[in-house]
K.L.:
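Structure incoming, see below.
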2 protein chains.
Amino acid sequence: MIDNLTTTTLADKVEERIIGYIKENNLVPGDHLPNEMQFVEMFGISRNVVREALSRLRMLGLIQTRTKRGIVVTEPPLLNGFRKILDPSLFSVKSIKEMMGMRIALEIGLAEFLFTNVNNNDIQELEKIVKRQKAIGSDNLSFEEEVAFHSKIYEIAGNNFISQLTQIMHPVFVFVKKNYSNYFLPVSKKLKERGEVVSHEMILKLIRNRDKKGYHKAVRLHLKHYWEFIYNYNESDII
Amino acid sequence: MIDNLTTTTLADKVEERIIGYIKENNLVPGDHLPNEMQFVEMFGISRNVVREALSRLRMLGLIQTRTKRGIVVTEPPLLNGFRKILDPSLFSVKSIKEMMGMRIALEIGLAEFLFTNVNNNDIQELEKIVKRQKAIGSDNLSFEEEVAFHSKIYEIAGNNFISQLTQIMHPVFVFVKKNYSNYFLPVSKKLKERGEVVSHEMILKLIRNRDKKGYHKAVRLHLKHYWEFIYNYNESDII
DNA sequence: TAAATCCTATTTGTAGGACAAATATAATAA
DNA sequence: TTATTATATTTGTCCTACAAATAGGATTTA
């Protein structure tokens with residue numbers, strides 16, 4: 001009985017037309033848009049609909065609106081929309097697998113920039129983090145500690161976009177590890193038995209030695225849980 | 001005179017609360033949300049504001065709304081929001097550089113999946129594409145042709161998320177090459193002179209030979225324009 | 001009894017009016 | 001010339017009304 005026919009409302013069309021307006025007129029951040037009533041007249045619709053459409057663009061960060069000042073185009077934060085939808089429990093296994101794949105690809109590809117940029121000062125800071133975490137014990141790391149190391153890596157690589165993207169997706173991975181623990185735990189155990197566990201300390205060593213190839217390999221191992229999940233997990237395994 | 005104080009409206013708060021409602025109640029795709037009037041009562045605000053907030057979530061693909069049926073949670077397309085904001089002319093050089101970095105990292109990281117998945121049938125299809133393009137001449141490729149090869153690569157790698165992301169960003173790169181041509185043309189020329197141009201044909205050969213390392217290197221060269229731009233371009237070069 | 005048809009109540013979609021709040025701009029005063 | 005005040009404009013919020021779609025129940029028909 002559930003069909004996917006998703007009705008397109010006036011707000012949908014107006015949203016499109018306003019985005020179109022920005023493009024056609026080559027508006028750039030700082031430029032003014034017509035105000036609400038002008039759009040009402042341009043499109044021959046109620047102010048309500050215009051406001052719905054503007055509200056969407058406002059949410060994405062494409063415009064800013066202020067009383068009397070009117071509507072101004074702004075440079076949108078790249079991942080505003082992505083961040084909002086990232087509720088882990090909403091996603092199918094397929095989507096989650098794709099996010100994992102993305103994470104792996106990024107982490108490996110990032111090495112290009114990491115090894116180009118890294119300097120001794122960076123390495124000292126990484127050493128500080130690793131030393132602190134070693135004292136805590138690698139199994140007892142808090143969320144913040146777990147993130148700290150990788151965040152620093154992203155920082156060195158100098159790509160905020162990638163860093164944000166990974167951070168935003170992080171809760172999804174936490175969720176999956178928890179909710180698919182009957183899959184992850186055995187994999188994790190097996191990896192440990194085989195000694196195929198990559199610590200932050202080991203990764204740091206590879207960076208220190210500027211060993212990009214070793215780094216690639218290490219990252220693959222570090223994220224092997226996900227790799228296994230992508231290729232071997234079937235939904236039927238659970239039920 | 002321009003300050004960045006961005007007022008938070010009621011719609012902003014209600015949007016947050018509705019997303020919160022979904023999370024707190026562990027709603028999953030298919031589940032019903034309270035209807036508009038119930039939200040009006042829950043939050044003690046006007047229907048207008050509720051509709052603005054719902055309109056946003058609707059746009060992101062987080063919910064579907066249909067007359068009489070009410071409001072239903074849906075699995076959001078990962079990149080709905082991202083697609084909407086991707087008007088090339090809106091972005092600063094910094095953002096563009098980060099997108100380029102992302103593209104390079106993805107393309108290199110993707111090799112992991114590409115080389116894991118690729119089979120002879122895939123290679124035959126790639127050969128067909130390359131043959132066709134060779135007949136056209138590599139300098140005269142249409143947009144569709146240019147994309148065709150890479151799309152096939154993404155398809156083999158089996159990650160729709162990455163594929164979409166790259167496709168969405170593509171217009172940005174086209175825009176940059178055009179608008180920063182006084183930067184790109186000399187680089188392009190230099191690369192050609194040095195014979196450092198990587199054709200689709202060469203990439204195909206590497207894939208056929210399952211030469212991952214060579215592939216990494218080739219991709220770096222293939223995207224070297226962007227690499228140069230990231231590291232060497234200064235805005236002052238233009239003006 | 002079962003199936004098809006029609007009705008009705010509910011819910012979203014659109015319109016339009018009213019007023020509050022903020023503020024750029026013009027007018028006035030020091 | 002500068003500081004203050006007043007005004008007009010524009011977004012933000014609330015309200016009411018009605019149109020359009022439709023799920024679910026009531027009714028009719030086979």
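What you see is a predicted model; the values in this text were computed from it and never measured. Naming: A, B, ... by sequence-line order, numbering from 1 per chain.
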K.L.:
Rounded to the Å, how far apart are B:F43 CZ and D:dT13 C1'?
P.N.:
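Taking CZ of B:F43 and C1' of D:dT13, I get 16 Å after rounding.
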
K.L.:
Please determine whether a side-chain nitrogen of the Lys or Arg among A:R56 and A:D12 lies less than 4.0 Å from a carboxylate oxygen of the Asp or Glu.
P.N.:
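Here A:R56 pairs with A:D12 in a salt bridge, since their nearest N and O are under 4.0 Å apart.
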
K.L.:
Rounded to whole angstroms, how far apart are NE2 on A:H32 and C1' on D:dT11?
P.N.:
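Computing the A:H32:NE2 to D:dT11:C1' distance gives 13 Å.
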
K.L.:
Between B:M37 and A:I45, who's closer to the 5' end of DNA chain C by nearest nucleotide?
P.N.:
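With B:M37 and A:I45 compared, the 5'-side residue is B:M37.
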
K.L.:
For A:L54, which contact category applies under a 4.0 Å heavy-atom criterion: base, sugar-phosphate, or nothing?
P.N.:
nothing

K.L.:
Atom NZ of B:K13 to atom C1' of D:dG12: distance rounded to whole Å?
P.N.:
11 Å

K.L.:
D:dT10, C:dT14, C:dT11: which one has an atom nearest the side-chain heavy atoms of A:N35?
P.N.:
D:dT10

K.L.:
Between D:dG12, D:dC14, C:dT23, which one does the side chain of A:T65 approach most closely?
P.N.:
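Nearest to the side chain of A:T65 among the choices is D:dG12.
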
K.L.:
Rounding to an integer number of Å, can you tell me how far A:R69 CZ sits from D:dA8 C1'?
P.N.:
17 Å

K.L.:
Using the test salt bridge (Lys or Arg N to Asp or Glu O under 4.0 Å), find all partners of B:K84 that sit at least two apart in sequence or belong to another chain.
P.N.:
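For B:K84 the salt bridge (Lys or Arg N to Asp or Glu O under 4.0 Å) partners, ignoring immediate neighbours, are A:E15.
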
K.L.:
Grab the CG-P distance between B:L33 and C:dT12 for me, whole Å please.
P.N.:
10 Å

K.L.:
With nearest nucleotide decided by heavy atoms, which residue, A:K68 or A:R47, maps closer to the 5′ end of DNA chain D?
P.N.:
A:K68

K.L.:
Check whether any side-chain N or O of A:D87 sits under 3.5 Å from a backbone N or O of A:S89 as a donor-acceptor pair, and report yes or no.
P.N.:
yes

K.L.:
To the side chain of A:E36, which of D:dA23, D:dC14, D:dG12 is closest?
P.N.:
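From the listed options, D:dG12 comes nearest.
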
K.L.:
Look at the side chain of A:N48 against the base of C:dG16 and say whether a donor-acceptor pair falls under 3.5 Å; ignore hydrogens and angles.
P.N.:
yes

K.L.:
Rounding to an integer number of Å, can you tell me how far A:I63 CD1 sits from D:dT10 P?
P.N.:
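Distance check: A:I63 CD1 to D:dT10 P gives 16 Å.
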
K.L.:
Using ring centroids (six-membered ring only for Trp), state whether B:H222 and B:H150 fall under 6.0 Å.
P.N.:
yes

K.L.:
Using whole Å, report how far CZ of B:R66 lies from C1' of C:dT10.
P.N.:
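Nearest whole value for this atom pair: 15 Å.
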
K.L.:
Measure CG/B:L10 against P/D:dG12 and give the value in whole Å, please.
P.N.:
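Going from B:L10 (CG) to D:dG12 (P), I get 11 Å.
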
